[in-house]
Amino acid sequence: MQNAFPIVLIAVLAGAVIAAAWAGYASRNPYGRIGRGGLSLNEDREDGRSVASGRGPSAGALAAEREAEIRQMLEARNARRARRGQEPIDVEAELRSLLTARPIVHDPALVAEVRELVVARNARRARRGQEPLDVDEEVARQLRDLS
């Protein structure tokens with residue numbers, strides 16, 4: 001019995017060291033997996049690309065989907081109007097009026113802030129020896145991108 005104690009002690013310690021090594025290896029970065037899963041935006045796919053960098057639908061497909069959803073909304077509005085006994089509207093004419101491009105009026109404070117950013121960017125470009133951007137054109141482009 002006295003001779004078995006060191007053997008049991010060494011076996012238990014060896015088992016504990018193996019279990020600790022396995023646990024350390026299995027949880028190299030335990031907080032790195034929080035928020036990961038099939039719905040995560042930054043999850044890598046099988047082909048190595050990030051889900052966020054994957055190709056989305058084309059602009060034409062998005063425009064068609066938008067048009068279909070607006071048409072569905074207008075038809076539902078017509079159905080409600082008909083149930084209330086009101087005159088239905090022309091869905092196609094209303095859809096055309098909603099989809100035609102209208103000039104967007106931006107807040108003057110936003111335009112001033114974007115202009116300040118473009119002027120600061122031009123100053124940085126000038127310090128680097130690059131050609132400055134056209135301020136008005138760049139402000140219009142950035143406001144268009146924000147819309």
Side-chain angles (χ1 to χ4, degrees), residues 8-147:
V8 171
L9 182 64
I10 290 173
V12 168
L13 286 176
V17 167
I18 291 172
W22 177 80
Y25 176 76
S27 64
R28 289 181 297 253
N29 188 4
Y31 298 111
R33 291 189 302 268
I34 293 176
R36 299 288 182 186
L39 299 177
S40 176
L41 293 177
N42 295 328
E43 191 73 22
D44 289 337
R45 299 185 326 190
E46 289 79 25
D47 60 1
R49 291 188 308 166
S50 174
V51 173
S53 68
R55 290 230 178 243
S58 68
L62 290 174
E65 181 180 359
R66 178 176 176 244
E67 183 177 332
E69 287 179 357
I70 293 172
R71 180 176 280 114
Q72 182 181 10
M73 180 213 42
L74 291 173
E75 288 170 354
R77 182 189 299 169
N78 261 350
R80 284 193 309 272
R81 290 176 65 90
R83 281 195 305 267
R84 290 188 298 226
Q86 295 175 333
E87 185 72 25
I89 59 172
D90 183 16
V91 172
E92 293 304 316
E94 185 73 15
L95 181 65
R96 277 192 305 275
S97 73
L98 289 173
L99 293 179
T100 55
R102 295 182 201 145
I104 298 173
V105 179
H106 292 286
D107 181 28
L110 175 65
V111 174
E113 185 175 347
V114 171
R115 181 174 296 281
E116 287 176 16
L117 290 172
V118 171
V119 168
R121 181 178 297 142
N122 271 346
R124 285 192 306 272
R125 289 176 64 91
R127 284 194 304 267
R128 288 186 293 206
Q130 296 175 332
E131 188 172 321
L133 301 170
D134 180 19
V135 174
D136 292 329
E137 186 178 308
E138 185 65 15
V139 167
R141 185 191 66 80
Q142 288 200 4
L143 289 174
R144 193 174 48 248
D145 289 349
L146 287 174
S147 299

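Note that this is a predicted model, so its numbers are computed, not measured. For the numbers below, each heavy atom of this structure counts, side chains included, while hydrogens, waters and symmetry mates do not.
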Peer 1: Which pair of non-hydrogen atoms, one from Leu74 and one from Leu95, has the smallest distance, and what is that distance?
Peer 2: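 Looking at all heavy atoms of both residues, the closest pair is CD1-N, 3.7 Å.
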
Peer 1: In Å, rounded to the nearest 0.5 Å, how long is the span from CD of Glu69 to CE of Met73?
Peer 2: 10.0 Å

Peer 1: In this structure, are over 12 heavy atoms from other groups packed under 6.0 Å from Glu131 atom CD?
Peer 2: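 Atom CD in Glu131 is not crowded, with 12 or fewer foreign heavy atoms closer than 6.0 Å.
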
Peer 1: If you count heavy atoms of other groups shown closer than 6.0 angstrom to CD of Glu113, is the number above 12?
Peer 2: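 Check fails, neighbour count at 12 or below.
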
Peer 1: Quick one: CZ on Arg83 to CG on Asn78, what's the gap to the nearest 0.5 Å?
Peer 2: 11.0 Å

Peer 1: Verify the neighbour count for atom CD of Gln130: are there more than 12 heavy atoms of other residues, nucleotides or ligands below 6.0 Å?
Peer 2: yes

Peer 1: Below 4.0 angstrom, N of the basic side chain to O of the carboxylate: do Arg71 and Glu67 qualify?
Peer 2: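 Yes, this pair counts.
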
Peer 1: Do Glu116 and Val119 come within less than 4.5 Å of each other through their side chains, counting heavy atoms only?
Peer 2: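 Glu116 does not reach Val119 side chain to side chain.
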
Peer 1: Flag the pair Glu94 / Val91 as yes when at least one side-chain heavy-atom distance between them is below 4.5 Å, and no otherwise.
Peer 2: no

Peer 1: Could you give the distance from CD (Glu138) to CG (Asn122), rounded to the nearest 0.5 Å?
Peer 2: 8.0 Å

Peer 1: Calculate, to the nearest 0.5 Å, the distance between atoms CZ and CG belonging to Arg121 and Leu133 respectively.
Peer 2: 7.0 Å

Peer 1: Taking side chain as C-beta onward, heavy atoms only, is Glu92 less than 4.5 Å from Arg96?
Peer 2: yes

Peer 1: With a sphere of 6.0 Å drawn around CZ of Arg66, does it hold more than 12 non-hydrogen atoms of other residues, nucleotides or ligands?
Peer 2: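 Not buried by this count: 12 neighbours or fewer within 6.0 Å.
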
